[in-house]
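What follows is one structure encoded as structure tokens, with my remarks underneath.
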2 protein chains.
Amino acid sequence: MSKGGRKTIKDVAAAAGVSIGTASRALNRRGRVSETTVARVTSAAQRLGYQPDAIAQSLRLKSTMVVGMLVTDLSNPFFAGVIRAAERRLQESGYALLVGNTDNDLTREQQLIDLFRRRRVDGLILGPCEAENTGMIGDLEAADMPVICYDRDFDEGLSGLHVAHRKAAYDATRHLLNLGHERIALLSSSIKLSPGRERIAGYRQALEERGLPFREDLIRAHQSSMEFVKSEAYSLMSIRPAPTAFISLGTRMLAGTLEGLRDNGWRVPEDVSVLTVGDTDLARLYVPAISTVTWDLNSVGENLAELMLRRLAPETGSEPRRIMIPTKLIDRGSCARPGRLIGD
Amino acid sequence: MSKGGRKTIKDVAAAAGVSIGTASRALNRRGRVSETTVARVTSAAQRLGYQPDAIAQSLRLKSTMVVGMLVTDLSNPFFAGVIRAAERRLQESGYALLVGNTDNDLTREQQLIDLFRRRRVDGLILGPCEAENTGMIGDLEAADMPVICYDRDFDEGLSGLHVAHRKAAYDATRHLLNLGHERIALLSSSIKLSPGRERIAGYRQALEERGLPFREDLIRAHQSSMEFVKSEAYSLMSIRPAPTAFISLGTRMLAGTLEGLRDNGWRVPEDVSVLTVGDTDLARLYVPAISTVTWDLNSVGENLAELMLRRLAPETGSEPRRIMIPTKLIDRGSCARPGRLIGD
DNA sequence: ATACGATGCGCAAACGTTTTTACATTCACT
DNA sequence: AGTGAATGTAAAAACGTTTGCGCATCGTAT
């Protein structure tokens with residue numbers, strides 16, 4: 001036995017009375033080995049508790065069986081759910097998932113990508129990040145690093161997945177328009193990220209179909225708004241004539257929005273209708289329950305994993321694929337016809 | 001240049017006109033190298049965009065600079081926050097964090113541990129898991145795998161971290177006792193996990209200090225209760241005389257508890273007081289806002305990382321340490337003196 | 001009996017590093 | 001000028017695998 005207590009294939013070979021190469025072939029049932037030696041070797045391996053060293057295998061086989069994934073914030077429940085599902089699916093196929101947080105910072109993203117390349121991950125799943133650089137992705141693919149994009153712009157010829165944020169925002173806006181709202185405030189995630197851009201596009205489209213003006217002053221979609229939702233909500237509330245509905249389209253934005261409304265004494269839905277994104281506990285149990293447009297995080301994770309696995313096993317046909325995850329609107333008590341006018 | 005586009009140290013050495021070994025020493029500023037060759041080599045490396053291969057380094061150096069972490073569910077916000085903080089701290093020291101989900105299943109936990117060992121992680125952070133087996137942890141340490149435990153039983157001589165769940169439950173219970181409650185229902189995470197056991201112990205201690213009986217029928221702490229909180233709440237509500245307060249001590253239990261209460265028309269806090277764990281959006285914004293006992297996830301993650309780093313750098317003194325993370329009670333509108341009696 | 005394909009196995013190279021050892025050169029000092 | 005130490009470099013071993021190649025051995029067919 002080698003020192004350190006860890007058994008190597010050398011120990012197994014010695015115990016089985018064969019050469020290292022034969023032991024390897026026996027364990028992997030590869031090449032020409034007799035059944036009797038296979039039995040001897042596997043039993044020796046069993047007895048010694050031998051586990052092949054993944055590092056050495058990676059070096060030799062040029063494959064680490066690890067895929068990396070970059071998100072802005074692992075503790076964001078939207079990402080956490082996706083990661084969980086993706087990890088499960090990948091693990092079924094023998095891959096591990098290494099996650100990195102970019103904090104929505106471009107430099108950090110690049111650092112992590114470099115780090116992951118050094119670590120020789122077999123593939124990379126890239127979540128949204130500010131100022132997305134589609135060229136960089138092309139470079140990665142050119143350097144033989146499979147990339148799957150998630151809610152992020154990417155060029156033709158690559159595979160990726162988008163949640164239908166545009167349709168979601170479109171549906172949400174239309175829903176409120178149908179109830180008779182005409183001044184609809186929009187709190188959205190940053191315009192620097194694909195989901196933010198898509199949401200605003202959907203919102204705009206719904207308005208324009210009704211011949212209503214697209215008013216910049218009714219929109220808040222800065223980088224910073226994540227932390228300052230409440231004050232953004234305040235500033236929207238001070239517009240006159242006041243908006244009669246709020247669409248709150250960011251992960252942790254609903255809480256700030258509701259706080260802002262409550263602090264000013266606006267009642268939901270009598271004074272203002274509210275619509276949000278994601279079916280959180282807060283949305284379900286708030287009084288009134290908040291209407292929301294939502295989608296299946298599990299499906300996102302599984303599809304991302306599936307896309308990656310397809311890219312990693314080229315024989316399954318590797319023409320690039322784009323997947324669009326549908327959203328659905330759940331209507332609850334927080335949306336109603338516009339009521340009394342506020343502040344006039 | 002080697003084929004495949006990836007530059008190796010061989011390429012750098014060739015470009016700098018030195019041997020491989022010298023190139024290595026120059027890049028790592030290790031051993032005897034002249035300043036002029038250091039300059040030549042580093043500039044060549046720069047020019048070629050050389051990045052050392054972490055896999056080859058790991059094989060040679062017997063260190064992967066990866067630490068593994070096992071939790072029951074990555075998408076549980078309590079864990080996600082901890083993971084995020086731990087990852088950040090570890091990354092500062094050059095380590096990556098590989099996370100695995102046990103789904104609170106013992107077999108899966110063992111599989112993942114084996115997997116991580118094959119992958120040669122440098123250390124392992126173990127979160128709670130059912131039927132914790134402290135012997136297994138000793139075996140790992142004996143096989144030279146540093147282990148840090150988190151909210152999980154472990155033997156003397158090891159390092160680990162606990163959140164003060166017992167104190168938290170004790171404080172919560174006392175708070176309600178002080179308001180005059182005598183029948184306090186407890187919904188807790190499973191008794192198979194350390195946090196669940198601790199919580200029940202704290203609850204019991206507070207009762208006994210007041211000379212009140214510890215009634216099993218007021219407690220729900222099964223494995224299954226996570227998914228069926230609502231029906232568990234129903235069954236607690238049917239006890240006569242009815243409990244006048246609910247302590248809901250599980251990650252995603254507050255929503256189910258509130259739903260159950262609301263469905264039966266029990267008002268908070270007029271008919272029943274509610275106290276929960278974790279400062280979630282739901283707790284803060286529910287009407288009334290829910291009192292809660294909470295702690296700092298960031299601190300948990302950072303301390304876990306710190307403990308691990310200390311174990312990994314033995315020179316810093318490696319006597320085992322136990323860290324206890326304090327909790328604090330935030331009182332809000334959901335707790336009041338017991339009111340009218342229900343169901344009598 | 002000779003030739004020949006098939007079969008099982010050992011040997012050695014390779015993956016990309018780091019580190020040890022040994023050798024050659026320079027420099028200072030007697 | 002000759003010895004010693006100090007210095008810089010090249011060569012080679014090692015980490016634990018997988019795999020191509022060659023060499024026996026054996027059975028079968030000519």
Side-chain angles (χ1 to χ4, degrees), chain A residues 1-42 44-45 48-65 94 117-122 144, chain B residues 1-42 44-45 48-65 94 117-122 144:
Chain A
M1 171 175 105
S2 321
K3 54 188 167 275
R6 193 178 213 100
K7 307 287 187 302
T8 81
I9 201 173
K10 207 170 189 171
D11 303 317
V12 176
V18 298
S19 79
I20 301 184
T22 307
S24 170
R25 266 169 313 204
L27 290 171
N28 301 330
R29 284 204 153 61
R30 187 169 198 99
R32 299 183 302 208
V33 218
S34 77
E35 271 313 310
T36 81
T37 41
V38 167
R40 271 225 313 292
V41 171
T42 49
L48 295 178
Y50 167 74
Q51 295 271 82
D53 183 323
I55 298 299
Q57 288 181 317
S58 297
L59 184 61
R60 173 68 225 231
L61 299 177
K62 299 183 176 316
S63 156
T64 53
M65 300 301 279
R117 293 194 59 189
R118 278 192 17 134
R119 289 242 146 96
R120 288 232 188 175
V121 298
D122 288 347
D144 206 36
Chain B
M1 171 175 104
S2 322
K3 56 187 167 275
R6 192 176 213 101
K7 307 289 187 302
T8 81
I9 200 173
K10 206 172 189 169
D11 303 317
V12 176
V18 298
S19 79
I20 301 184
T22 306
S24 171
R25 264 167 303 144
L27 290 172
N28 301 332
R29 284 208 153 59
R30 189 171 195 95
R32 298 184 302 211
V33 218
S34 76
E35 271 312 310
T36 81
T37 41
V38 167
R40 270 225 314 291
V41 171
T42 48
L48 296 177
Y50 166 75
Q51 295 271 82
D53 183 322
I55 297 298
Q57 287 181 317
S58 297
L59 184 60
R60 174 67 226 232
L61 298 177
K62 298 182 174 318
S63 156
T64 52
M65 299 301 279
R117 293 195 59 189
R118 281 193 17 145
R119 289 240 146 96
R120 289 230 188 173
V121 297
D122 288 346
D144 206 36

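Because the structure is a prediction, the values reported are computed rather than measured. In what follows, chains carry the letters A, B, and so on, assigned in the order in which the sequence lines appear, proteins first and then strands, with residues in each chain numbered from 1.
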Minimum-distance nucleotide (side-chain atoms of [X] versus [options]):
X	options	answer
B/Arg60	D/dA10, D/dA14, C/dC15	D/dA14
B/Arg32	C/dC15, D/dT17, D/dT7	D/dT7
A/Ala56	D/dG8, C/dT17, D/dG16	D/dG16
B/Asp53	C/dG16, D/dT17, D/dG22	C/dG16

Base, sugar-phosphate, or nothing for [X], non-hydrogen atoms under 4.0 angstrom?
X	result
A/Ile55	nothing
B/Arg120	sugar-phosphate
B/Arg30	sugar-phosphate

Calculate the interatomic distance between [X] atom [atom1] and [N] atom [atom2]; express it in whole Å.
X	N	atom1	atom2	result
A/Arg25	D/dG22	CZ	P	14 Å
B/Ile9	D/dC15	CD1	P	19 Å
A/Leu27	D/dT19	CG	P	13 Å
A/Gln51	D/dT17	CD	P	11 Å
A/Ile20	C/dC9	CD1	P	16 Å
A/Glu35	C/dC9	CD	C1'	15 Å
B/Leu61	C/dT19	CG	P	6 Å
A/Asp11	D/dT17	CG	C1'	13 Å

Taking atom types as modelled, is there a side-chain donor on B/Thr22 or B/Arg25 under 3.5 Å from an acceptor on the other?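 Yes.
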On the nucleotide [N], are OP1 or OP2 found under 4.0 Å from the side-chain N or O atoms that [X] carries?
X	N	answer
B/Ser58	C/dT17	no
A/Lys10	D/dC15	no
A/Thr22	C/dC9	no
B/Gln57	C/dT18	yes
B/Thr37	D/dT9	yes
A/Ser24	D/dT17	no
A/Lys7	D/dG16	no

Value rounded to 0.5 Å, distance of OG in B/Ser58 from CG in B/Asp122: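 Here the interatomic distance stands at 7.5 Å.
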Closest heavy-atom contact between B/Val38 and B/Arg29?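 In this case the closest contact between B/Val38 and B/Arg29 is CG1-NH2, 3.2 Å.
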Smallest separation among heavy atoms of B/Arg119 and A/Gly94, with atom names: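 Minimum heavy-atom contact is NH2-O, 3.9 Å.
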What's the verdict on salt bridge (charged side-chain N to carboxylate O under 4.0 Å, His left out) for B/Arg118 and A/Asp53, showing C-alpha distance, side-chain angles and the deciding distance? CA-CA 5 Å; B/Arg118 281 193 17 145; A/Asp53 183 323; over 6 Å; no
Take atom CZ in A/Arg30; do more than 12 heavy atoms of anything else shown fall under 6.0 Å from it?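 For A/Arg30, atom CZ is not crowded (no more than 12 foreign heavy atoms under 6.0 Å).
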